[in-house]
Each structure stands twice: as C-alpha cells, then as structure tokens.
Amino acid sequence: MSDLASKASALLAMHDDLVVLPTAWDAWSARTLVDAGFGALTIGSHPLADSLGHADGEAMTPDQAFEGIARVVASVDVPVSADLESGYGLAPEELIERLLAAGAVGLNVEDTVHSEGRMREPQEHADYVAGLRAAADAAGVDVVINARTDAWARPELHGADATEQAVLRMRLAEEAGARSLYPVKPPSPEALRAVLDAVSLPVNVTAHPVQGSVVGGLDEIRAFGARRVSYGPLLQAVLTERIQEVVRAWA
C-alpha cells in the first residue's frame, strides 16, 4: 500500500501546475503514451468499453472494468487514474477497495446513473464522493478523486439552469473531499469561467488532441486557469480515423 500512497501523492502533486493526463484504454495505448513522455495516465471508460465490444454508459460489468484497469496499470510504472462512471452500483468502500487492488490511485466519478436513467441529486452525489474520500483515507491512500458532473451534458436529467447546476455540484464535491473537479462539456468559455471562479480545486477540461478544448490549446488552457486536461474518448477517435486513412487503399 505504501507504493500506492506514493503514486497517489505524486499524481496529486502534478495538479499544482497544469497536468495533462492522456486517456488510455489498454496496455498498448498506455505504453505508447508513457513512451511519448507522459508521467501519468487516465483510463477512459468509453474507450475501454469500446475495446471490449461494449457501449459506453456502464455497459461493462464491474469485473470487466477493473480487469481492464489492472491490465493498463500493470503495463506502466506511472500513476494511473480510472474513469469509474457512476460507480457501477458499488458502495464507496468496495469501489475504493477494487480500485486500489487494480493498482490505480485516482478516479473519475460522475453523477449520471446510467442504469437508472437519472442524475444523482447534488447532495446525493456529494455524499457519494464523501464516502469515497472516507474509504480512501481509511486505506491510507490519498486517492485523487476527480468529481464529474454532467450538468451541461445532460440538462434534461436535472431540469434546472445548467451552469447554476454545474457550479452547485462542483462546490458540493469540493466540500465533500474531491481533489479535482470535472464539469464536462462546458458550452462556452464563459460557462467554464463560472465554475473556475466558484471553486478552488483544479478543474479538468476535455481536449481533442488535435483541435483543442473549448478555450483552445494547451497555452490557452493554462492561461484560462484550468489545471487538468484529459481526452475522454477523443484520442481513440482520432486514431480510428488515422487507421482508416492508412489502410483504405488496401481495402
């Protein structure tokens, strides 16, 4: 557990500056990204599910998800965070236990409960984050909890002003013990600014590895004040297009 604690501390320290956590989904993509110079990775649930022939949205079983996470972690010697969607119906204690058993030291957790077709209420999601924090602390590992909200992405599930919901949910997650915050799909730089101004934790933005983010490329993201970048399923999508270009003449 001491190695996990060291990796978790190292991952958290990377957030003192802007950290880019490229998204892997298998051992090959993880090794390729580390060889490219990245010092930590995140595993995306969407590309991991794609690699196993499943749809996004908790179509994987918990066993499939954690087996995939363990394969990635075992292939590299850097801190790894994993997207655990809304938790696969597991209690916070079991989710942390299985995350650490797989060797990962960070996690994304979102407020859309796909199996139930609903979004957790703001305090309900914060309470789940708090449960994860307590379980991680009890295990002696400062797991980097990246609390995600789909307030902008799924407004039909909460029926309120999306930016107000994003701000509220991120504030509550910060109070609950998250270490970074992930309001996905901000519709504009101004919307993202509303969250950045409301919280003190590092905020994660999704970037397309070629086209950039809602505020631009790496320099613009840094200047805007976000401190964490991930690709979601977009790196896998870019590589899919590239593979098709390479082999099309042979089809």
Side-chain angles (χ1 to χ4, degrees), residues 1 4 7-8 11 21-34 40-120 124-125 128-129 131-133 135-136 139 141 143-150 153-154 173 178-180 182 184 204 206 228 230-237 239-240:
M1 198 65 74
L4 291 175
K7 284 187 173 178
L11 178 60
L21 300 175
T23 306
W25 55 91
D26 60 10
W28 166 80
S29 59
R31 288 194 299 266
T32 300
L33 291 165
V34 171
L41 305 174
T42 187
I43 301 169
S45 63
H46 189 164
L48 175 58
D50 272 349
S51 75
L52 298 175
H54 295 293
D56 189 29
E58 298 194 358
M60 293 182 292
T61 66
D63 286 349
Q64 289 171 326
F66 285 109
E67 286 168 4
I69 291 165
R71 280 194 298 273
V72 170
V73 172
S75 71
V76 294
D77 190 25
V78 299
V80 176
S81 180
D83 179 1
L84 300 181
E85 306 193 68
S86 68
Y88 301 105
L90 302 178
E93 296 79 9
E94 182 177 358
L95 200 71
I96 291 293
E97 180 182 2
R98 298 191 69 171
L99 178 83
L100 296 177
V105 294
L107 65 89
N108 288 357
V109 60
E110 66 188 65
D111 50 9
T112 298
V113 184
H114 298 277
S115 62
E116 300 174 13
R118 71 179 187 92
M119 186 176 291
R120 291 187 179 117
E124 179 189 8
H125 189 54
Y128 193 79
V129 171
L132 295 170
R133 176 83 279 136
V141 180
V143 172
V144 181
I145 299 171
N146 189 40
R148 167 176 157 169
T149 181
D150 290 341
R154 303 294 299 275
R179 293 293 184 257
S180 59
Y182 191 10
V184 298
N204 190 113
T206 305
R228 174 170 165 147
S230 56
Y231 297 146
L234 300 178
L235 174 60
Q236 190 183 55
L239 294 178
T240 300

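In what follows, every heavy atom counts, from backbone to side chain, and hydrogens, waters and symmetry copies are set aside.
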Colleague: Does anything in residues 107-117 form a salt bridge (Lys or Arg N to Asp or Glu O under 4.0 Å)? List the pairs, not counting sequence neighbours.
Modeller: Glu110-Arg148, Asp111-Arg169, Glu116-Arg118
Colleague: Looking at every non-hydrogen atom in both residues, tell me the closest pair between Val72 and Ser75 and how far apart they are.
Modeller: O-OG, 2.7 Å
Colleague: Just do the side chain to side chain contact (heavy atoms under 4.5 Å, CB included) check on Glu67 and Leu52 with the steps written out, would you?
Modeller: CA-CA 11 Å; Glu67 286 168 4; Leu52 298 175; over 6 Å; no
Colleague: From Phe66 CZ over to Leu95 CG, what is the distance, rounded to the nearest 0.5 angstrom?
Modeller: 4.5 Å
Colleague: Distance from Ser86 atom OG to Met119 atom CE, nearest 0.5 Å?
Modeller: 11.0 Å
Colleague: Thr23 side chain to Ser230 main-chain N or O, any donor-acceptor pair under 3.5 Å?
Modeller: no
Colleague: Roughly how far, to the nearest 0.5 Å, is the CG atom of Asn204 from the CG atom of Asn108?
Modeller: 6.5 Å
Colleague: What are the two closest heavy atoms between Tyr128 and Gly87, and how far apart are they?
Modeller: OH-CA, 3.6 Å
Colleague: Give me the atom names and distance for the closest heavy-atom approach of Leu84 to Tyr88.
Modeller: O-CE1, 3.4 Å
Colleague: Looking only at heavy atoms, what is the nearest atom pair of Val105 and Pro79, with distance?
Modeller: CG2-CB, 4.0 Å
Colleague: Who passes side-chain contact (heavy atoms from CB on, under 4.5 Å) against Ser115, sequence neighbours left out?
Modeller: Val113
Colleague: Show your working on side chain to side chain donor-acceptor pair (under 3.5 Å) between Asp26 and Ser51 and close with a plain yes or no.
Modeller: CA-CA 8 Å; Asp26 60 10; Ser51 75; 5.9 Å; no
Colleague: Between atom CG of Leu4 and atom CG of Leu11, what is the distance when rounded to the nearest 0.5 Å?
Modeller: 12.0 Å
Colleague: Please report the C-alpha distance between Tyr182 and Thr206 in whole Å, then the side-chain angles of each, then the deciding distance to 0.1 Å, and finally whether the side chain to side chain donor-acceptor pair (under 3.5 Å) criterion is met.
Modeller: CA-CA 9 Å; Tyr182 191 10; Thr206 305; 2.5 Å; yes
Colleague: What are the two closest heavy atoms between Val78 and Val34, and how far apart are they?
Modeller: CG2-CG2, 3.9 Å
Colleague: Strictly by salt bridge (Lys or Arg N to Asp or Glu O under 4.0 Å), give each pair with a member in residues 72-87 just once, sequence neighbours left out.
Modeller: Lys7-Asp77
Colleague: Please name all residues satisfying salt bridge (charged side-chain N to carboxylate O under 4.0 Å, His left out) with Arg179, sequence neighbours left out, ordered by chain then number.
Modeller: Asp142
Colleague: Not counting sequence neighbours, list each pair that qualifies as a side chain to side chain donor-acceptor pair (under 3.5 Å) and has a residue in residues 90-107.
Modeller: Asp63-Arg98
Colleague: Among residues two or more places apart or on two chains, list those pairs meeting salt bridge (Lys or Arg N to Asp or Glu O under 4.0 Å) that have a residue in residues 45-59.
Modeller: none
Colleague: Which heavy atom in Leu100 sits nearest to a heavy atom in Ala139, and how many Å separate them?
Modeller: CD1-CB, 3.7 Å
Colleague: Nearest 0.5 Å, please: how far is CG in Leu234 from NE2 in His46?
Modeller: 9.5 Å
Colleague: Of the options Ile69, Leu132, Asn146, which is the one that meets Leu107 in a side-chain contact (heavy atoms from CB on, under 4.5 Å)?
Modeller: Leu132
Colleague: Would you compute the distance between atom CG of Leu235 and atom OG of Ser29 and round it to the nearest 0.5 angstrom?
Modeller: 7.5 Å
Colleague: Mark yes or no for whether Gln236, through its side chain, and Pro233, through its backbone, hold a donor-acceptor pair below 3.5 Å.
Modeller: no
Colleague: Where do Val141 and Ile96 land on the side chain to side chain contact (heavy atoms under 4.5 Å, CB included) test, with the steps shown first?
Modeller: CA-CA 10 Å; Val141 180; Ile96 291 293; over 6 Å; no
